[in-house]
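In what follows, a structure is listed as structure tokens, so that the remarks can point back to it.
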Amino acid sequence: MGISAFDDIASRNHGIVTRRAAGTAGVPARTWYRCIERGLLEPVHPGVCRMFGSARTPEQAILAAVLGAGKGALASHRSAARLWGVPRPDGDVVDIILPARSRQANLTDVAVHRPRDLRDLTPSRRAHIATTNILRTLCDLGAVDEGAVPGAVGHVVTTGLASPDALQAAIRRHSRRGRPGVPALRDALDEWVIDDKPVDSVLEPAMRRLLATHALPPADFHPTIGGYEVDFLVRDSTIVLECDGWSTHGLDQRTFELDRHRDADLSALGYVVLRFTYRDITRRQRRVAERIRTNVARWAPHLLGSGRPP
């Protein structure tokens, strides 16, 4: 029996084959070791091999570690974040959790975590790999990569993987003195919730920071005006601030047209709508601030303080 005996297993498992799975499929032990001797199987961890010629991917390395660690092991921390779609470097260390602290795992180049906090460890499956659920993942990520947590929270909130309320509940469940990762998650969530409402994109937190940095009047987030939910309404004024993503740059004609109809309706109600693109908000902040200030001076001069930012 040749290497073809492993094809079905490897095709479903990122090019990874385990001795146990091969035995279950009826592959004799001698065939397993012969394929290793001939270079058709490359040992990765004890009892775990990659098929010769299979693509070397982060997912392959993560699965190999989870299978090599044995029963109950889960991808976690940076590896789990990647599996949930959070952008991560390809060179990340592979992280796994072993819920049973007495278990040993003889793995090379793998960070094995044996946590005292055993909440939220019911396995999820991402890319056919057992992994921590998204709430546990965000609680753990800050323990190994604190700077990545704000971006990860942004990904989770804006894609709807978890609501801000669910993240707040996770913070409460996992908060205890000395629990690493949770403070970073708490701080990051503050960036992605405005007035207790989840943001829709990276632009809305950026606009909030811009208003504060340039000493502009405060704005209410996601108020409803004339049946429309707008991004920001400058408080005690009729000035609406809208943050346009890439879809309104001509890539989505229907969205573009609907936004213009909405702007016309708001104008008829007496509101001034100011739209700002991704490039405006991220690269032309001073210009954006001056445009807002000019409109406030015209339509709500009572909101301007006595000084301008330096």
Side-chain angles (χ1 to χ4, degrees), residues 81 84-88 138 147-165 167-168 184-235 237-267 271-296 299 303 309:
W84 281 104
V86 176
R88 296 293 311 172
L138 291 179
V149 179
V153 171
H155 170 82
V156 168
V157 170
T158 58
T159 58
L161 284 173
S163 68
D165 285 345
L167 296 181
Q168 290 283 14
L185 175 56
R186 183 183 295 110
D187 291 344
L189 186 57
D190 287 342
E191 288 290 313
W192 289 95
V193 175
I194 302 176
D195 298 340
D196 294 324
K197 302 171 187 175
V199 302
D200 296 322
S201 76
V202 297
L203 295 184
E204 292 162 337
M207 175 61 82
R208 182 178 66 168
R209 289 192 296 271
L210 185 151
L211 295 174
T213 299
H214 292 272
L216 290 163
D220 294 324
F221 179 64
H222 277 189
T224 299
I225 304 171
Y228 296 110
E229 183 183 86
V230 302
D231 289 339
F232 292 94
L233 174 66
V234 176
R235 196 170 297 164
S237 82
T238 56
I239 301 171
V240 172
L241 310 178
E242 291 280 48
C243 307
D244 286 346
W246 291 115
S247 63
T248 55
H249 294 183
L251 299 180
D252 186 337
Q253 186 64 30
R254 183 173 180 274
T255 299
F256 182 90
E257 291 176 354
L258 288 174
D259 283 346
R260 271 55 198 175
H261 287 308
R262 183 172 74 162
D263 290 355
D265 289 344
L266 291 173
S267 179
Y271 289 87
V272 177
V273 181
L274 306 180
R275 287 191 171 274
F276 301 99
T277 66
Y278 178 93
R279 190 179 298 273
D280 289 334
I281 296 169
T282 59
R283 299 186 183 181
R284 301 166 180 162
Q285 296 183 13
R286 191 175 296 275
R287 185 184 303 178
V288 169
E290 190 58 36
R291 184 179 169 197
I292 295 172
R293 189 181 303 280
T294 298
N295 277 273
V296 171
W299 302 107
L303 297 180

Would you call Arg275-Asp263 a salt bridge at under 4.0 Å N-O?
yes
Least distance between heavy atoms, [X] atom then [Y] atom:
X: His155; Y: Gly85; answer: CE1-O, 3.3 Å
X: Ala148; Y: Arg88; answer: CB-NH1, 3.2 Å
X: Ala162; Y: Leu167; answer: CB-CD2, 4.2 Å
X: Ile239; Y: Leu233; answer: O-CD1, 3.3 Å
X: Leu303; Y: Ser237; answer: CD1-CB, 3.9 Å
X: Glu204; Y: Phe232; answer: O-CZ, 3.5 Å

Please test Tyr271 against Val230 for side-chain contact (heavy atoms from CB on, under 4.5 Å), starting from the C-alpha separation and ending with a verdict.
CA-CA 11 Å; Tyr271 289 87; Val230 302; over 6 Å; no
Quick one, [X] and [Y] - any side-chain contact, counting heavy atoms below 4.5 Å?
X: Val240; Y: Val273; result: yes
X: Leu274; Y: Arg291; result: yes
X: Asn295; Y: Val234; result: no
X: Arg262; Y: Asp259; result: yes
X: Leu211; Y: Ile292; result: yes

Nearest-0.5 Å distance, [atom1] of residue [X] to [atom2] of residue [Y]:
X: Thr282; Y: Met207; atom1: OG1; atom2: CE; value: 11.0 Å
X: His214; Y: Glu290; atom1: NE2; atom2: CD; value: 10.0 Å
X: Asp231; Y: Phe276; atom1: CG; atom2: CZ; value: 11.0 Å
X: Leu189; Y: Asp165; atom1: CG; atom2: CG; value: 9.0 Å

Using side-chain contact (heavy atoms from CB on, under 4.5 Å), reason through Leu138 and Trp84 one step at a time and then give a plain yes or no.
CA-CA 10 Å; Leu138 291 179; Trp84 281 104; over 6 Å; no
Take Arg208 and Phe221 through the test side-chain contact (heavy atoms from CB on, under 4.5 Å) and record every step on the way to the result.
CA-CA 9 Å; Arg208 182 178 66 168; Phe221 179 64; over 6 Å; no
Report, as yes or no, whether the 6.0 Å neighbourhood of atom CZ on Arg284 holds more than 12 heavy atoms from other residues, nucleotides or ligands.
yes
For a side-chain contact (heavy atoms from CB on, under 4.5 Å) check, start with the C-alpha distance between Val296 and Leu216, then their side-chain angles and the critical distance, and finish with the verdict.
CA-CA 9 Å; Val296 171; Leu216 290 163; 5.7 Å; no
